[in-house]
Amino acid sequence: MRLSQYFLPVLRENPKEAQIASHRLMLRAGMVQQSSAGIYSWLPLGLKVLEKIEQIVREEQNRSGALEIKMPTIQPAELWQESGRYDDYGREMLRITDRHDRDMLYGPTNEEQVTDICRSHLRSYKSLPLNLYHIQWKFRDEVRPRFGVMRGREFLMKDAYSFDVSKEAARIAYNKMFVAYLKTFERMGLTAIPMEADTGPIGGDMSHEFIILADTGESGVFFDKEWENTTLVTDISYQDDLEPIVERFTSLYAKTDEMHDPATCSVADADLLTRRGVEVGHIFYFGTKYSAKMGAAVSGPDGKDIDVHMGSYGIGVSRLVGALIEASHDERGIIWPASVSPFDAAIVNLKAGHAKTDPVCEMLYEKLTQAGNDILLDDSSESPGAKLASMDLIGLPWQIIVGPRGIDAGHVELKNRRTGETVELSPESALNHLLEQFG
Ligand code: ATP
Ligand code: MG
């Protein structure tokens with residue numbers, strides 16, 4: 001992509017309304033624009049990141065065996081009256097009336113909708129297990145939308161729903177999602193700690209919030225300092241018996257302040273860390289809560305009806321864009337992990353239109369692009385200082401900086417955004433270095 005043909009409305013000044021780094025940087029980098037409180041338009045750069053995150057989430061859901069569907073954003077009130085949540089949900093629910101005076105709502109979540117699909121089509125235990133997910137916009141009329149996309153009113157969520165014949169079977173589905181979440185966040189360069197959450201009247205230990213540490217997080221969290229040494233999970237296969245793996249992770253203490261009780265905490269004070277965190281995912285087994293009320297049952301091997309056991313599994317896809325920035329930025333801007341970066345690298349032509357820099361930039365752009373990489377070429381007429389500031393701001397992992405004086409001396413600069421390390425290399429070496437990095 002050539003910057004001259006792109007839409008990247010960067011802001012030089014810090015927007016006054018933004019209280020935390022991610023919100024400030026997303027506005028400054030031209031990723032989003034506020035439409036009304038907690039509702040945003042996603043501009044090209046922001047949308048690219050959102051879609052990369054969405055894709056990682058999708059791939060890991062698919063690998064775990066969940067099937068993608070797409071449910072509507074607008075739901076009929078009847079479904080929620082059946083479950084009893086139409087009145088309970090309160091003012092967070094955006095209620096709508098259509099032209100026939102039918103009560104509708106903009107979905108804050110989809111348990112009722114998916115239970116309706118289940119009861120319409122599932123007849124026998126032989127159709128289970130089943131896990132259906134979608135990645136869809138939600139609306140919750142939050143009391144205090146704030147921190148940009150971190151607590152929006154309209155936000156993108158991945159929500160999966162599992163259907164099983166028993167609690168034991170549901171546990172297998174739960175474990176799959178548990179591992180899928182560890183892998184998903186790890187692929188984004190994040191350590192998300194699964195923390196025990198409230199299961200309400202169902203009880204048991206099948207509810208976890210996945211929380212990444214950030215000083216600006218809304219949740220207070222307590223966890224064993226051993227969490228800082230946890231090993232990676234990429235090598236785990238979904239075909240393995242996941243129970244021991246989940247146990248390995250859940251045996252380490254980690255709770256939000258709502259669940260933490262100093263009186264019963266098993267970890268010595270010296271080993272207990274207290275931090276703040278952002279909830280990026282939540283997995284939850286709720287048994288037959290909806291299936292019993294809404295009549296979603298299958299016939300068992302003995303011919304008797306079994307209310308379907310369900311779980312739901314959410315990931316805050318749009319919240320993750322902000323959470324990733326909270327976890328990875330410096331005073332100059334965003335530092336994207338390669339897996340979610342909007343472009344793989346930038347080529348900065350410090351003097352666009354110059355007889356010496358233009359051909360080098362074109363050569364680099366063409367070779368890198370042809371090799372399948374997504375490259376942003378800054379061919380704009382901004383000043384060199386402004387260009388370099390913008391590139392640091394938008395945070396691509398690599399920059400190749402091409403200036404007339406460097407070319408005279410036979411080199412370009414290759415800059416690693418995360419370490420700040422800059423090396424002078426011939427254009428060919430810089431090219432080869434990046435091609436090697438990108439594999
Ligand atoms: P919170 O406690 O932050 O309000 P929640 O418990 O209401 O979250 P869930 O209903 O479990 O959230 O939704 C699943 C995921 O959706 C959350 O883990 C979070 O990442 C994301 N999410 C929830 N509310 C918002 C919001 N207002 N803006 C952006 N993302 C959200
Ligand atoms: Mg909430």
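Order of appearance sets the numbers: ligands from 1, and atoms from 1 within every ligand. Everything numeric in this text was worked out from a predicted model, so none of it was measured.
With a heavy-atom cut-off of 4.0 Å, Arg151 touches ligand 1 through backbone and side chain alike. The part of Met157 lying near ligand 1 is the side chain, judged by heavy-atom distances below 4.0 Å.
In the vicinity of Gly281, heavy-atom distances shorter than 4.0 Å reach the ligand 1 atoms 18 (O). When each atom of ligand 1 is checked for a heavy atom of His282 under 4.0 Å away, the hits are 11 (O), 18 (O). The ligand atoms of ligand 1 that sit less than 4.0 angstrom from a heavy atom of Glu142 are 24 (N), 26 (C), 27 (N).
The N/O atoms of Arg153, backbone and side chain alike, include none that comes under 3.5 Å of an N/O atom in ligand 1.
A side-chain hydrogen bond (donor to acceptor under 3.5 Å, both in side chains) with Arg146 holds for exactly one of His23, Glu218, Glu17, Gln19; it is Glu218.
Put simply, no part of Glu209 is less than 4.0 Å from ligand 1, judged by heavy atoms. Within the 4.0 Å heavy-atom shell around ligand 1 one does not find Thr109. Using a 4.0 Å heavy-atom cutoff, Val149 is listed among the residues neighbouring ligand 1. At a 4.0 Å cut-off, not a single heavy atom of Ser318 sits close enough to ligand 1 to count as contact.
Residues Phe210 and Phe178 bring their aromatic ring centres within 6.0 Å. Proximity of the aromatic rings of Tyr161 and Tyr290 is defined here by a centroid distance below 6.0 angstrom, and this criterion is not met.
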Working for salt bridge (charged side-chain N to carboxylate O under 4.0 Å, His left out), residues Arg171 and Asp205: CA-CA 10 Å; Arg171 180 152 190 108; Asp205 57 353; 3.3 Å; yes
Audit row: Asp330, Arg417, salt bridge (charged side-chain N to carboxylate O under 4.0 Å, His left out) steps and yes/no: CA-CA 10 Å; Asp330 64 15; Arg417 174 67 180 88; 2.8 Å; yes
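A donor-acceptor contact shorter than 3.5 Å links the side chain of Trp227 to the backbone of Tyr253.
Using modelled atom types and a 3.5 Å distance limit, the side chains of Ser312 and Glu111 yield a donor-acceptor pair.
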